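Right, one structure below, let's go through it.
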Number of protein chains: 2
Amino acid sequence: METPPLADVIINSFDGYSGEVRKAARFVLDNPRDVALLSMREQARRAGVQPSTMLRLARQLGFEGYDPVRDAYANAMRNPATSFERKARDQQRLQNLGGNQALAAKIVASVTRQLEALSAAEQLVRLTDAATLLARARRVYCLGLRASHPIAWQLNYILSLVGDKSVLLDDIANTGSDRIRFAGKDDVLFAVTVMPYTQLTLDIVDYAHKKGVPVVALTDSPVSPLAKRATITIATTTESPSFYHTMTPAFVLAEILAVLVAGQGENETLEALRQVDSYHASLGTHAATRPHPIATPSKEVQ
Amino acid sequence: METPPLADVIINSFDGYSGEVRKAARFVLDNPRDVALLSMREQARRAGVQPSTMLRLARQLGFEGYDPVRDAYANAMRNPATSFERKARDQQRLQNLGGNQALAAKIVASVTRQLEALSAAEQLVRLTDAATLLARARRVYCLGLRASHPIAWQLNYILSLVGDKSVLLDDIANTGSDRIRFAGKDDVLFAVTVMPYTQLTLDIVDYAHKKGVPVVALTDSPVSPLAKRATITIATTTESPSFYHTMTPAFVLAEILAVLVAGQGENETLEALRQVDSYHASLGTHAATRPHPIATPSKEVQ
DNA sequence: CACCGCTTGCAACATTTGTTTCACAATTGC
DNA sequence: GCAATTGTGAAACAAATGTTGCAAGCGGTG
């Protein structure tokens, strides 16, 4: 809460208030957090004012009652990162939009907020730890079924660009997980699942865990069933304003993880990327948007 | 609130809890701020749990009632360094730590910025227009190869939850695109590719376009080769501080698109979701975190 | 099968909440 | 000085809150 929501408004019209209302306003200005955390009556008590006075203040600020005021302060505390003004602006725009566009905007806003949370220090530490573990592994087994498939696939895909040590545990004819048999202590199993947890994923993780294979878990909670078996657990959220949960935060995490792992490869990574390029050039995989993609292959790899 | 007050305690004894209490504990873990800001009953509602269960959780944690718990969380919110200081501190820490964490943070920041741009007005219009087109289509063909696979797959997956009109143009033995032969004017082809554009994707889009099949293109530029053939083009960025471009913005767009399309299904969507649930219940696809998932199947679908 | 302990949902409880109402006091204008 | 307006305090209200107690349900044991 960089600048408390109503601070400006209150300060401007403060002189217009009288006696008791000023006391109430002072309290709000001085204890913005308490506005959200305490009941109105309790605030009145601490401000040395009657409950009615609190209400009068709220009304003078243009609100229906005191709850809207508390909500405003509560929201400011919920996501300290984004400023109140911006939120207000977004809110404003939301109301001007149609239902579908509003929903779309809401989802974007929600996901954005969740992404911001990913850069918390502990998360970064976990990520880099996991990256190190994966980078040192002889083989990386990627496992993500159903809704978690894109995440596991993405990690495997990027890792496959820079080497051949990644194995995607997915295949037709129900043989997808068979290769986990060859995993050992020197390998790592990267497993993804979120609520409702896919039973097969848990089973495979269980199997690997019993065999002593280190597990990097990407899931939705530190108390997820995956976390129990995991050496390192990366937790993220999946909440969304829509009927379907979002896998986007997990998706970025996988991308970042992959990039970090690849980065530890140094020279081998560069060499591999060069090979990928010439390979695809030979096969004509990509449309030729220009003569030949030679320089800085890094940015061009798909 | 860097580490929420009771997080450790809850995580440690989580396995000892049972059923409903776990749900309550999950909520507390996932929404620490709401613990302080909302009434217990409201939290119970959001956690999908009886108020009594919240109380039982509090008792199991060694508290007299639930208010002490809320107080603990409230205090944690009162004191913490202001977000500004915290940001500065995080920044500081980032520089002290390895370059890997800095890179991770940079990627997150970059993607976050790109996501914010997605809620621009025109984007939203394009999205909803595309959603309407897809919703009205008899059949939706999803096409995304190589790096674009997760995006096409995700759209197809979500659409498959709520109906059977989506077809993923991907298969083994190089037969992935064969089914596009059956597409006509009443269908829609959803195609994804970004630089460097996959030749095969362009070819298939070309084929469909010539047959009069409307095309919704998700790509990285309004002048991408895809855009030329498209009825509606949704453009996004793929830039990333790392060697590998990010597919995350495209991924959210696909998720949102899917949700919007599903939303236009109304009753059929709800019915389909119920079916998905009972189907998976019969097969035991998901781990049973509780006796039986009855109410509000919507949130539980994976 | 009956029994057990344990968990879960429900309805009821006394408080506390935000709000309304109204009488009284203070202030203002004439 | 008096009337009118405004500000204040206290009591009363319905609604919502945290909490309690109990009955029904569950799975396992003898």
Side-chain angles (χ1 to χ4, degrees), chain A residues 5-6 10 13-28 31 33-75 223, chain B residues 5-6 10 13-28 31 33-75 281 284 287-296 300:
Chain A
L6 305 168
I10 297 181
S13 39
F14 189 82
D15 295 335
Y17 304 155
S18 108
E20 296 294 287
V21 178
R22 286 193 190 182
K23 273 205 267 182
R26 272 296 296 259
F27 178 86
V28 172
N31 311 70
R33 293 200 169 82
D34 286 333
V35 176
L37 293 170
L38 301 177
S39 77
M40 187 215 73
R41 277 179 120 104
E42 178 62 26
Q43 293 173 47
R45 241 161 277 158
R46 301 203 183 181
V49 150
Q50 290 281 342
S52 4
T53 307
M54 283 288 169
L55 200 61
R56 297 191 237 269
L57 170 63
R59 297 256 158 87
Q60 299 215 28
L61 289 171
F63 291 90
E64 272 290 315
Y66 200 80
D67 274 334
V69 177
R70 298 186 54 195
D71 289 347
Y73 278 81
N75 282 331
V223 293
Chain B
L6 305 168
I10 295 179
S13 38
F14 188 83
D15 293 336
Y17 303 156
S18 105
E20 296 294 287
V21 178
R22 285 194 191 181
K23 272 206 265 181
R26 275 289 297 251
F27 179 87
V28 172
N31 312 71
R33 291 196 172 84
D34 286 333
V35 176
L37 292 171
L38 300 178
S39 75
M40 185 216 75
R41 277 180 119 105
E42 180 61 27
Q43 293 173 47
R45 240 160 284 160
R46 301 201 183 184
V49 149
Q50 293 279 343
S52 4
T53 307
M54 284 287 166
L55 200 62
R56 297 191 238 267
L57 170 64
R59 297 256 159 86
Q60 298 216 30
L61 289 171
F63 292 89
E64 272 291 316
Y66 200 79
D67 275 332
V69 177
R70 297 185 55 196
D71 289 346
Y73 277 80
N75 283 331
T289 53
R290 60 183 124 160
H292 202 65
I294 312 166
T296 61
E300 309 301 330

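Note that the structure is a prediction, hence the values are computed from the model and not measured. Quick note: numbers below take in every heavy atom, side chains included, and nothing from hydrogens, waters or symmetry partners.
Between B:K23 atom NZ and C:dT8 atom C1' there is a gap of 11 Å when expressed in whole angstrom units. For the pair B:L57 CG and C:dT7 P, the interatomic distance rounds to 13 Å; values are reported in whole Å. Distance CD (B:Q60) to C1' (C:dC6): 11 Å, rounded to an integer number of Å. The interatomic distance linking A:Q43 (CD) with C:dG18 (C1') rounds to 12 Å, in whole Å.
Looking only at distances, no side-chain donor or acceptor of B:E20 sits under 3.5 Å from a matching main-chain atom of B:Q50. With hydrogens and angles ignored, the 3.5 Å screen pairs a side-chain donor or acceptor of A:R70 with a backbone N or O of A:L38. Without hydrogens or angle criteria, A:R59 side chain to A:G65 main chain gives no donor-acceptor distance under 3.5 Å. Proximity of a side-chain donor or acceptor of A:S39 to a complementary backbone N or O of A:E42 within less than 3.5 Å is detected.
For the pair A:R41/A:R45, a side-chain contact is recorded, criterion being any heavy-atom separation below 4.5 Å from C-beta on.
Annotation: of the two residues near DNA chain C, B:Q50 and B:Y17, the 5′-most nearest-nucleotide partner is B:Y17.
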Problem - Criterion side-chain contact (heavy atoms from CB on, under 4.5 Å) on B:L37 and A:Y73, from CA distance to verdict - result: CA-CA 10 Å; B:L37 292 171; A:Y73 278 81; over 6 Å; no
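The distance from atom CG of A:L57 to atom CZ of A:R22, rounded to the nearest 0.5 Å, is 12.5 Å.
Backbone-only engagement by A:E20 is indicated by non-hydrogen atom pairs under 4.0 Å involving sugar-phosphate atoms exclusively. Counting non-hydrogen atoms under 4.0 angstrom, A:R22 reaches nothing in the nucleic acid.
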Between the protein and nucleotides 19-22 of chain C, are there any N/O to N/O pairs under 3.5 Å, and if so, what are the atom names and distances?
| residue | atom | partner | partner atom | Å |
| --- | --- | --- | --- | --- |
| C:dT19 | OP1 | A:Y66 | N | 3.3 |
| C:dT19 | OP2 | A:Y66 | N | 2.7 |
| C:dT20 | OP2 | A:R59 | NH1 | 3.2 |
| C:dT20 | OP2 | A:R59 | NH2 | 2.4 |

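Taking every nucleotide of DNA chain D with any atom under 4.0 Å from a non-hydrogen atom of chain A, the first and last of them, 5' to 3', are D:dG7 to D:dA12.
The two residues A:M40 and A:P51 have their closest heavy-atom pair at CE-CB, 3.4 Å.
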